[in-house]
Amino acid sequence: MNSTTINVLVIQPLMDELAKRLSDRFICHNLYEHRDIDHFLSQHGKEIRAVATRGDVGLDAELMARLPNLEIISVFGVGTDGIDLKSAAKRNIIVAITSDTLTDDVADLAMGLVIATSRQLIIQDKFARSGGWLTASPTLASKVSGKKLGIVGLGKIGKAIAKRAAAFDMPIGYCDQTDQKIENYHYFPSVIALADSCDFLVLALPGGEENKGMINIEVLRALGSKGTLINIARGSLVNEADLIIALKECAIKGAGLDVYDNEPYIPEELLTFDNVVITPHIASATTETRINMARIVYDNLDSYFTHGNAITPINLNK
Ligand code: 8YV
(Lines give C-alpha, C1' and ligand atoms only; values in the text may rest on other atoms or scores of the structure.)
Protein backbone atom coordinates (compact mmCIF):
# COMPACT_ATOMS: atom_id res chain seq x y z
CA MET A 1 0.00 0.00 0.00
CA ASN A 2 1.26 3.48 -0.82
CA SER A 3 1.43 5.11 2.59
CA THR A 4 1.41 8.62 1.18
CA THR A 5 -2.25 8.25 0.22
CA ILE A 6 -3.39 7.79 3.83
CA ASN A 7 -5.03 10.87 5.31
CA VAL A 8 -4.79 11.43 9.07
CA LEU A 9 -6.74 14.09 10.94
CA VAL A 10 -4.90 15.63 13.89
CA ILE A 11 -7.44 17.17 16.27
CA GLN A 12 -5.24 19.23 18.57
CA PRO A 13 -1.49 20.00 18.54
CA LEU A 14 0.70 16.98 19.38
CA MET A 15 4.36 16.89 20.41
CA ASP A 16 6.60 18.28 17.63
CA GLU A 17 8.53 15.03 17.16
CA LEU A 18 5.30 13.07 16.83
CA ALA A 19 3.78 15.59 14.43
CA LYS A 20 6.92 15.34 12.28
CA ARG A 21 6.97 11.55 12.23
CA LEU A 22 3.28 11.45 11.34
CA SER A 23 3.62 13.93 8.50
CA ASP A 24 6.65 12.05 7.11
CA ARG A 25 4.52 8.90 6.94
CA PHE A 26 0.97 10.16 6.26
CA ILE A 27 -0.89 13.10 4.79
CA CYS A 28 -1.71 14.99 7.97
CA HIS A 29 -4.50 17.56 8.29
CA ASN A 30 -4.34 19.70 11.41
CA LEU A 31 -7.94 20.41 12.30
CA TYR A 32 -6.93 23.07 14.82
CA GLU A 33 -5.38 25.17 12.05
CA HIS A 34 -8.65 25.43 10.13
CA ARG A 35 -10.87 28.43 10.80
CA ASP A 36 -13.77 27.04 8.81
CA ILE A 37 -13.97 23.49 10.12
CA ASP A 38 -17.29 22.84 8.43
CA HIS A 39 -15.81 23.75 5.03
CA PHE A 40 -12.73 21.62 5.67
CA LEU A 41 -14.84 18.61 6.64
CA SER A 42 -17.13 18.87 3.62
CA GLN A 43 -14.06 18.99 1.37
CA HIS A 44 -11.85 16.40 3.11
CA GLY A 45 -13.96 14.51 5.67
CA LYS A 46 -14.38 11.53 3.34
CA GLU A 47 -10.62 11.20 2.79
CA ILE A 48 -9.81 10.78 6.48
CA ARG A 49 -8.97 7.20 7.48
CA ALA A 50 -7.29 7.87 10.82
CA VAL A 51 -7.47 10.35 13.66
CA ALA A 52 -4.68 11.27 16.07
CA THR A 53 -5.99 12.92 19.21
CA ARG A 54 -5.17 13.44 22.89
CA GLY A 55 -6.75 11.70 25.87
CA ASP A 56 -8.04 14.99 27.25
CA VAL A 57 -9.49 16.01 23.88
CA GLY A 58 -10.94 12.83 22.34
CA LEU A 59 -13.22 12.81 19.31
CA ASP A 60 -16.85 13.71 19.79
CA ALA A 61 -19.88 12.13 18.11
CA GLU A 62 -20.52 15.09 15.80
CA LEU A 63 -17.00 15.15 14.40
CA MET A 64 -16.81 11.36 14.12
CA ALA A 65 -20.02 11.39 12.09
CA ARG A 66 -18.36 13.73 9.58
CA LEU A 67 -15.60 11.15 8.94
CA PRO A 68 -17.44 8.33 7.12
CA ASN A 69 -14.30 6.40 6.20
CA LEU A 70 -12.60 6.53 9.58
CA GLU A 71 -10.85 3.26 10.52
CA ILE A 72 -8.69 4.04 13.54
CA ILE A 73 -8.36 6.60 16.34
CA SER A 74 -4.93 6.73 17.92
CA VAL A 75 -5.01 8.43 21.32
CA PHE A 76 -2.08 10.19 22.99
CA GLY A 77 -3.15 9.12 26.48
CA VAL A 78 -5.33 6.49 28.15
CA GLY A 79 -8.56 8.41 28.69
CA THR A 80 -11.33 7.65 26.22
CA ASP A 81 -14.10 9.65 27.91
CA GLY A 82 -13.93 12.27 25.14
CA ILE A 83 -14.50 9.66 22.42
CA ASP A 84 -17.88 8.47 21.23
CA LEU A 85 -17.05 4.81 21.90
CA LYS A 86 -20.55 3.56 21.05
CA SER A 87 -20.33 4.90 17.50
CA ALA A 88 -16.75 3.65 17.22
CA ALA A 89 -17.88 0.12 18.19
CA LYS A 90 -20.87 0.24 15.82
CA ARG A 91 -18.66 1.34 12.94
CA ASN A 92 -15.81 -1.09 13.79
CA ILE A 93 -13.42 1.80 14.30
CA ILE A 94 -10.32 0.79 16.26
CA VAL A 95 -9.48 2.92 19.29
CA ALA A 96 -5.86 2.58 20.42
CA ILE A 97 -4.43 4.19 23.57
CA THR A 98 -0.98 4.55 25.12
CA SER A 99 -1.62 1.75 27.64
CA ASP A 100 0.62 1.26 30.67
CA THR A 101 3.33 3.73 29.79
CA LEU A 102 1.96 6.59 31.92
CA THR A 103 0.80 4.56 34.95
CA ASP A 104 3.91 5.21 37.08
CA ASP A 105 3.99 8.95 36.38
CA VAL A 106 0.33 9.43 37.23
CA ALA A 107 0.72 7.44 40.46
CA ASP A 108 3.85 9.41 41.32
CA LEU A 109 2.00 12.69 40.92
CA ALA A 110 -0.90 11.44 43.05
CA MET A 111 1.55 10.77 45.89
CA GLY A 112 3.24 14.12 45.15
CA LEU A 113 -0.09 15.86 45.70
CA VAL A 114 -0.71 13.86 48.89
CA ILE A 115 2.61 15.09 50.24
CA ALA A 116 2.34 18.62 48.82
CA THR A 117 -1.07 19.18 50.43
CA SER A 118 -0.36 17.66 53.82
CA ARG A 119 3.20 18.93 54.24
CA GLN A 120 2.20 22.34 52.82
CA LEU A 121 5.00 22.36 50.26
CA ILE A 122 3.69 25.36 48.33
CA ILE A 123 2.91 27.42 51.45
CA GLN A 124 6.33 26.65 52.94
CA ASP A 125 8.09 27.44 49.66
CA LYS A 126 6.39 30.85 49.53
CA PHE A 127 7.20 31.45 53.20
CA ALA A 128 10.90 30.68 52.72
CA ARG A 129 11.24 32.71 49.51
CA SER A 130 9.47 35.75 50.91
CA GLY A 131 11.81 35.97 53.89
CA GLY A 132 9.06 35.02 56.36
CA TRP A 133 11.44 32.56 58.04
CA LEU A 134 13.71 35.42 59.13
CA THR A 135 11.12 36.60 61.61
CA ALA A 136 8.82 33.64 62.27
CA SER A 137 8.75 29.87 62.45
CA PRO A 138 7.14 27.79 59.72
CA THR A 139 3.63 26.55 60.52
CA LEU A 140 3.21 22.91 61.46
CA ALA A 141 1.83 20.65 58.75
CA SER A 142 0.20 17.18 58.95
CA LYS A 143 1.88 13.79 58.89
CA VAL A 144 1.48 11.60 55.80
CA SER A 145 2.85 8.22 56.92
CA GLY A 146 0.23 6.00 58.47
CA LYS A 147 -2.75 8.06 57.29
CA LYS A 148 -5.62 6.28 55.54
CA LEU A 149 -5.73 6.41 51.75
CA GLY A 150 -9.01 5.85 49.91
CA ILE A 151 -8.82 5.17 46.19
CA VAL A 152 -11.83 5.54 43.92
CA GLY A 153 -11.17 3.24 40.95
CA LEU A 154 -8.75 0.38 41.53
CA GLY A 155 -7.51 -0.09 37.97
CA LYS A 156 -3.87 0.00 36.90
CA ILE A 157 -3.32 3.56 38.09
CA GLY A 158 -5.25 3.03 41.33
CA LYS A 159 -3.15 -0.06 42.09
CA ALA A 160 0.09 1.81 41.34
CA ILE A 161 -1.00 4.52 43.81
CA ALA A 162 -1.85 1.88 46.44
CA LYS A 163 1.59 0.29 45.99
CA ARG A 164 3.31 3.60 46.64
CA ALA A 165 1.05 4.46 49.58
CA ALA A 166 1.79 1.07 51.16
CA ALA A 167 5.44 2.16 51.39
CA PHE A 168 4.20 5.05 53.54
CA ASP A 169 2.44 2.54 55.82
CA MET A 170 -0.91 3.93 54.74
CA PRO A 171 -3.87 1.58 55.18
CA ILE A 172 -5.61 1.25 51.78
CA GLY A 173 -9.34 1.42 51.18
CA TYR A 174 -10.93 1.46 47.75
CA CYS A 175 -14.21 1.69 45.96
CA ASP A 176 -14.73 0.02 42.61
CA GLN A 177 -17.47 -1.72 40.66
CA THR A 178 -16.60 -4.99 42.38
CA ASP A 179 -14.71 -6.22 45.41
CA GLN A 180 -11.37 -7.36 43.98
CA LYS A 181 -10.64 -9.26 47.19
CA ILE A 182 -7.09 -8.01 47.54
CA GLU A 183 -5.38 -8.88 50.78
CA ASN A 184 -4.97 -5.91 53.12
CA TYR A 185 -7.05 -3.60 50.91
CA HIS A 186 -10.41 -2.75 52.41
CA TYR A 187 -13.29 -2.68 49.89
CA PHE A 188 -16.05 -0.08 50.26
CA PRO A 189 -19.19 -0.48 48.17
CA SER A 190 -19.90 3.27 48.14
CA VAL A 191 -17.81 6.40 47.60
CA ILE A 192 -19.48 8.08 50.60
CA ALA A 193 -18.48 5.21 52.90
CA LEU A 194 -14.92 5.32 51.54
CA ALA A 195 -14.75 9.12 51.91
CA ASP A 196 -16.01 8.85 55.47
CA SER A 197 -13.28 6.39 56.37
CA CYS A 198 -10.16 7.95 54.86
CA ASP A 199 -7.78 10.89 55.22
CA PHE A 200 -7.03 11.19 51.50
CA LEU A 201 -9.63 10.44 48.86
CA VAL A 202 -7.78 9.84 45.59
CA LEU A 203 -9.70 9.73 42.30
CA ALA A 204 -8.26 7.25 39.80
CA LEU A 205 -11.27 6.29 37.72
CA PRO A 206 -12.36 7.15 34.18
CA GLY A 207 -14.36 10.27 33.41
CA GLY A 208 -17.45 10.23 31.20
CA GLU A 209 -21.18 10.79 31.65
CA GLU A 210 -21.80 8.03 34.18
CA ASN A 211 -19.22 9.33 36.66
CA LYS A 212 -19.85 13.03 36.08
CA GLY A 213 -20.07 15.06 39.30
CA MET A 214 -19.82 11.97 41.53
CA ILE A 215 -17.75 13.90 44.04
CA ASN A 216 -20.48 16.20 45.29
CA ILE A 217 -21.15 18.02 48.54
CA GLU A 218 -22.37 14.85 50.30
CA VAL A 219 -19.15 13.00 49.49
CA LEU A 220 -17.07 16.03 50.48
CA ARG A 221 -18.92 16.38 53.79
CA ALA A 222 -18.30 12.67 54.41
CA LEU A 223 -14.58 13.20 53.69
CA GLY A 224 -14.74 15.81 56.41
CA SER A 225 -12.44 18.43 57.87
CA LYS A 226 -9.54 15.97 58.30
CA GLY A 227 -9.84 14.74 54.71
CA THR A 228 -8.10 15.86 51.51
CA LEU A 229 -9.34 15.30 47.97
CA ILE A 230 -6.73 14.34 45.35
CA ASN A 231 -7.73 14.29 41.67
CA ILE A 232 -5.35 13.04 38.98
CA ALA A 233 -8.14 11.51 36.87
CA ARG A 234 -10.70 13.82 35.25
CA GLY A 235 -12.09 17.18 36.31
CA SER A 236 -15.62 16.12 35.35
CA LEU A 237 -15.66 13.68 38.29
CA VAL A 238 -15.85 16.56 40.74
CA ASN A 239 -18.72 19.00 41.09
CA GLU A 240 -16.45 22.05 41.25
CA ALA A 241 -19.14 24.36 42.64
CA ASP A 242 -19.63 21.89 45.53
CA LEU A 243 -15.88 21.67 46.03
CA ILE A 244 -15.67 25.46 46.36
CA ILE A 245 -18.52 25.43 48.90
CA ALA A 246 -16.79 22.65 50.87
CA LEU A 247 -13.52 24.60 50.90
CA LYS A 248 -15.24 27.83 51.94
CA GLU A 249 -17.03 26.06 54.78
CA CYS A 250 -13.80 24.25 55.78
CA ALA A 251 -15.84 21.06 55.36
CA ILE A 252 -12.67 19.41 53.97
CA LYS A 253 -9.02 19.92 54.88
CA GLY A 254 -7.79 20.67 51.37
CA ALA A 255 -7.37 19.43 47.83
CA GLY A 256 -4.61 18.49 45.39
CA LEU A 257 -5.87 18.91 41.85
CA ASP A 258 -4.26 18.15 38.50
CA VAL A 259 -7.44 18.16 36.40
CA TYR A 260 -10.42 20.49 35.97
CA ASP A 261 -13.82 20.37 34.36
CA ASN A 262 -13.13 22.96 31.66
CA GLU A 263 -9.39 22.83 31.01
CA PRO A 264 -7.35 24.93 30.68
CA TYR A 265 -9.74 27.16 32.60
CA ILE A 266 -9.65 26.78 36.38
CA PRO A 267 -12.47 28.35 38.42
CA GLU A 268 -11.08 31.64 39.83
CA GLU A 269 -12.27 30.84 43.34
CA LEU A 270 -10.29 27.59 43.49
CA LEU A 271 -7.12 29.63 42.99
CA THR A 272 -7.77 31.62 46.15
CA PHE A 273 -7.39 28.77 48.65
CA ASP A 274 -3.98 28.18 50.28
CA ASN A 275 -5.00 24.63 51.16
CA VAL A 276 -5.46 23.70 47.50
CA VAL A 277 -2.45 22.62 45.44
CA ILE A 278 -3.05 23.21 41.75
CA THR A 279 -1.14 21.64 38.85
CA PRO A 280 -2.00 22.03 35.15
CA HIS A 281 -2.83 18.44 34.04
CA ILE A 282 0.78 17.29 34.23
CA ALA A 283 0.38 13.75 35.59
CA SER A 284 1.88 12.12 32.47
CA ALA A 285 4.03 15.11 31.57
CA THR A 286 7.57 13.80 31.96
CA THR A 287 9.95 13.76 29.03
CA GLU A 288 10.48 10.00 29.34
CA THR A 289 6.79 9.16 29.36
CA ARG A 290 5.72 11.65 26.72
CA ILE A 291 8.41 10.28 24.35
CA ASN A 292 7.00 6.78 24.87
CA MET A 293 3.43 7.98 24.40
CA ALA A 294 4.40 9.68 21.14
CA ARG A 295 6.07 6.48 19.93
CA ILE A 296 2.99 4.40 20.72
CA VAL A 297 0.64 6.83 18.94
CA TYR A 298 2.80 6.57 15.83
CA ASP A 299 3.31 2.80 16.11
CA ASN A 300 -0.44 2.16 16.40
CA LEU A 301 -1.11 3.99 13.14
CA ASP A 302 1.93 2.60 11.36
CA SER A 303 1.19 -0.97 12.42
CA TYR A 304 -2.47 -0.70 11.45
CA PHE A 305 -1.74 0.65 7.97
CA THR A 306 1.21 -1.72 7.43
CA HIS A 307 -0.05 -4.97 8.99
CA GLY A 308 -3.78 -4.39 9.51
CA ASN A 309 -3.72 -4.27 13.32
CA ALA A 310 -2.97 -1.70 16.01
CA ILE A 311 -0.56 -2.59 18.81
CA THR A 312 -2.57 -1.34 21.81
CA PRO A 313 -6.27 -1.30 20.84
CA ILE A 314 -8.94 -1.25 23.52
CA ASN A 315 -11.75 -3.78 23.60
CA LEU A 316 -14.88 -1.96 22.46
CA ASN A 317 -17.17 -4.94 22.89
CA LYS A 318 -17.00 -5.16 26.67
C1 8YV B 1 -2.51 13.50 28.90
C2 8YV B 1 -4.55 12.15 29.73
O3 8YV B 1 -2.15 14.54 29.74
O4 8YV B 1 -4.02 9.88 29.41
C5 8YV B 1 -4.89 10.75 29.43
O6 8YV B 1 -6.07 10.48 29.20
O7 8YV B 1 -5.39 12.96 29.98
C8 8YV B 1 -3.13 12.55 29.84
O9 8YV B 1 -2.24 11.54 29.92
C10 8YV B 1 -3.15 14.05 27.73
O11 8YV B 1 -3.73 13.14 26.87
C12 8YV B 1 -2.15 14.89 26.93
O13 8YV B 1 -2.70 16.03 26.60
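On a predicted model such as this, the values are computed, not experimentally measured, just so you know. Start at 1 and go down the list; that is how both ligands and their atoms are numbered.
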Would you check if there is a donor-acceptor pair between the side chains of [Y] and [X] at a distance under 3.5 Å?
{"X": "T5", "Y": "R49", "result": "no"}
{"X": "S145", "Y": "D169", "result": "no"}
{"X": "Q180", "Y": "Y185", "result": "no"}
{"X": "K253", "Y": "S142", "result": "yes"}

Using non-hydrogen atoms of the residue, decide whether R234 is closer than 4.0 angstrom to ligand 1.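 Per 4.0 Å heavy-atom rule, R234 contacts ligand 1.
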Within less than 4.0 angstrom of ligand 1, does R290 place any heavy atom?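 A heavy atom of R290 does come that close to ligand 1.
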Ion pair check, R221 and D242, cut-off under 4.0 Å: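 Here R221 does not pair with D242 in a salt bridge, since their nearest N and O are not under 4.0 Å apart.
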Which residue holds the protein heavy atom closest to [atom], what is that atom called, and what is the gap in Å?
{"atom": "atom 4 (O) of ligand 1", "answer": "V78 N, 2.7 Å"}
{"atom": "atom 2 (C) of ligand 1", "answer": "H281 NE2, 3.7 Å"}
{"atom": "atom 10 (C) of ligand 1", "answer": "D56 OD1, 3.7 Å"}

Could you walk me through whether Y174 and F188 pass ring-ring contact (aromatic ring centres under 6.0 Å, His included), step by step? CA-CA 6 Å; Y174 72 98; F188 290 82; 8.3 Å; no
Identify, by atom number and element, the atoms of ligand 1 in contact range of L102, meaning under 4.0 Å from any of its heavy atoms.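 It comes down to these atoms of ligand 1: 4 (O), 9 (O).
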Using a 4.0 Å cut-off to any heavy atom of S284, which atoms of ligand 1 qualify?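 The list of qualifying atoms is 1 (C), 3 (O), 8 (C), 9 (O).
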Is the side chain of T306 donor-acceptor paired with the backbone N or O of S303 at a distance under 3.5 Å, no angle test?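 Absent.
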Decide yes or no on side chain to side chain contact (heavy atoms under 4.5 Å, CB included) for L63 and L41, but give the supporting numbers first. CA-CA 9 Å; L63 182 50; L41 291 171; 3.6 Å; yes
What part of I97 sits under 4.0 Å from ligand 1 if we count only heavy atoms: the side chain, the backbone, both or neither?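 For I97, no heavy atom sits under 4.0 Å from ligand 1.
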Looking at ligand 1, does any of its N/O atoms fall within less than 3.5 Å of an N/O of [X]?
{"X": "F76", "answer": "yes"}
{"X": "G79", "answer": "yes"}
{"X": "G77", "answer": "no"}

